[in-house]
Amino acid sequence: MLRFWSIVVICFVVPLRIVAQDVEAIMSEIIEEVSNSDDENFSESFALEMLEDLLQNPINLNTCSFEDLKNIPFLSDYQINAILEYRIENFRFYSLGELKGIEALSQKELKYLKYVLTISDLSSKEKQNVKKKNYVSQTFSTTFKTVFEIPKGYKKDSLGNSAFLGSPQYLSVRYRCKISDKLSFGFASEKDPGEAFEIKNKKYGFDFNSGYIKIANCGFLEKLIIGDFAVKVSEGLLYSNGYFGGKFLTGSFLGASNVLKEYTSLNEVNFFRGTAALIRFKRFFLTTFFSRNYLDAKVLDDSFSAFKLDGYHRTESEKQKENTVLRNLVGMVMTYNYKKTRISAAYQFYNFNKEFCPEDNLSNVNYYRHKKNSFLSLSYEYASKLCGFKTEVSVDKNFNHAVLGMLLFKPVNFLNFSFLYRNYSKKYLCFTANSFAENSKVSNEDGLFFSSSFSPFKFLTIDLWADVFRFLWLKPNLLKPSSGYELFCRALIEPIRKFSIELRYRQKIKDEEQKSKTELFRLVFKYLISNKLSFANFVQLNTNSYSQTFESGHLIYSDIGFKGLKETFSVDLRYALFSSPYITRLYAYESDVSYSFSFPSYYYKGVRYYLFFGYKFSKLFSVQLKLSRTRYLDRNSYSSGVNFVSKPSKTELHFLLKLKF
């Protein structure tokens, strides 16, 4: 006990973080907000990869187009037009501070825009490229991950067999090429730990392969994608492949409505494979697409009850579920834009080669057996300087509905309010939807959400939100409909530019079989010594009470990092102490190699530490490395089942090589 409190004192009296990376800081904040800090399997990797690309390669305000700014997930079309109109009126931007003069942008949006936008004069070569629109940009990267303690699933039995079919190493490769502003293409391949590296069954060595070819800016043809792509329409009641659907962005911003983009993620689910085109006729935009891809599911008697969404094919059991269901999907989106108004209509038809048959239990009684289904969605958006409004209504062929409406009111730049109402029928089930919800899917829920962001002083920002929800029918393992509410409050205090304190509190109460209450408290200190050196310390407390039981856990960690001269190299360190039962486990974002997102859970009693190192040899060549270790102090083994390790520790190595030419 004395040792524990000695380390706590050291953490707060002698700060240990040297984090000097704005990219990591903003990624940490957004990921923890969007994922609601309670999901280690946070799956929006495609959206996170786009965000990471933006943070590492900010958009130049003086040369960007409407489509470039549309890649920023929290900007609406109205705000994008306001930015471009300001540039036209003033010929160019001289500093990011000029964004404050655009009334369509709030303080919170301005805060995040400074990380994804830049202002720079073009070099003579860049001017020539822009003028000729004829250049080639290529990026290649490969990632390798391994674990030093070999889990039980990799060890062979007396017959020479093991639970996992492949090695414990992770391997991926990515390649992207952009030829002028009209043609780009790329591919990505991945083998997860435990998967076999085989050259048969169209595997080509890797378990997952993805690619695309994109043609753009050809007259009325805005975009043509052949291969893998993602689609987002309005608030995601019908289409939202890989985009954020959490309470943070939805509750704070009126983000981009309709997006068609090439799919570059290694997430093996939640994308389309086929052909998509975006055509423009003055104020009308028509998006059409056809997708034909195989999905993972457990098939029994020519039917399946649910999709397998983790993308793992490590064991014989998992291999049997691989690519078992064929989905053919046709979609269309028609959009009309006029000044502050947008109206959209979207359609979807799909059919499976096997029948969808929900599991036989009370929670699924409202879902019906089918091989094909169709949906229609209508949405309307209006945005002005003071307010914004969005609504979307989606129905299937049997008129089961999902409805969402959102109002954003911004009387002044330092204050905004948002209200959101959703009503999802207990019979509505759309496999491509991802929207604002307490449930894991857009179904069986209604609720009312309120949020506000307030900056009464330059040094103080307060964010508040409350969500009241209920489930209209039984959830799995529940014998009655349930309800609950969630409250969130955050105060960010920055008395001087180099020092900040953040206080965060979250409470969630659910009235299910037993009334449960969870609370999360977080305290963060950050001190910036210079552009290369800063300190930060974190404390997180989590409690859970249900019936007559009360559990609590805590996590304390400090980070160390350093950014070298001319930013040729960077270092990040973390040392964390935790003690928590599994039910009150805590989560914290970690630095990791590019295109990898580490958001581990902390439970039991132990320590975790890692070292991240990145070195840029030149503009063309860079490497990144992360070494992490978790060690339990109250047990003699790690994990269970096929992941069982006889030692109470787990040590991982991540390595990335990146080439840009």
*Asks:* I'd like to know if Glu149 and Lys647 make a salt bridge, using a cut-off of under 4.0 Å between side-chain N and carboxylate O.
*Replies:* no

*Asks:* Run the salt bridge (Lys or Arg N to Asp or Glu O under 4.0 Å) test on Glu486 and Arg506 for me, step by step, so that the C-alpha distance in whole Å, both residues' side-chain angles and the decisive distance to 0.1 Å come before the verdict.
*Replies:* CA-CA 7 Å; Glu486 186 172 8; Arg506 180 168 62 89; 3.3 Å; yes

*Asks:* Between Glu235 and Arg422, does at least one N-O distance fall below 4.0 Å, as a salt bridge requires?
*Replies:* no

*Asks:* Between Asp207 and Lys191, is the closest basic N to carboxylate O distance under 4.0 Å?
*Replies:* no

*Asks:* Considering only NZ, NE, NH1 and NH2 on the basic side and carboxylate oxygens on the acidic side, decide whether Lys508 and Glu438 come within less than 4.0 Å.
*Replies:* yes

*Asks:* For Trp473 and Leu362, which heavy atoms make the closest approach, and how far apart are they?
*Replies:* NE1-O, 2.7 Å

*Asks:* Are Lys650 and Ser639 linked by a side-chain donor-acceptor pair shorter than 3.5 Å?
*Replies:* no

*Asks:* If only side-chain N and O atoms count, and only distance matters, is there a donor-acceptor pair under 3.5 Å linking Glu190 with Tyr170?
*Replies:* yes

*Asks:* Regarding Glu590 and Ser628, do their side chains bring together a donor and an acceptor under 3.5 Å, going by distance alone?
*Replies:* no

*Asks:* Could Glu195 and Lys319 be called an ion pair, given the rule that one side-chain N must be under 4.0 Å from one carboxylate O?
*Replies:* no

*Asks:* Under a 3.5 Å threshold, yes or no: a donor from one side chain and an acceptor from the other, between Thr518 and Asn544?
*Replies:* no

*Asks:* Going by an N to O cut-off under 4.0 Å, is there a salt bridge joining Glu318 and Arg314?
*Replies:* yes

*Asks:* Are Phe597 and Asp592 side-chain neighbours, meaning at least one heavy-atom pair lies under 4.5 Å?
*Replies:* no

*Asks:* Are Ser596 and Lys145 close enough that some pair of their side-chain heavy atoms sits under 4.5 Å apart?
*Replies:* yes

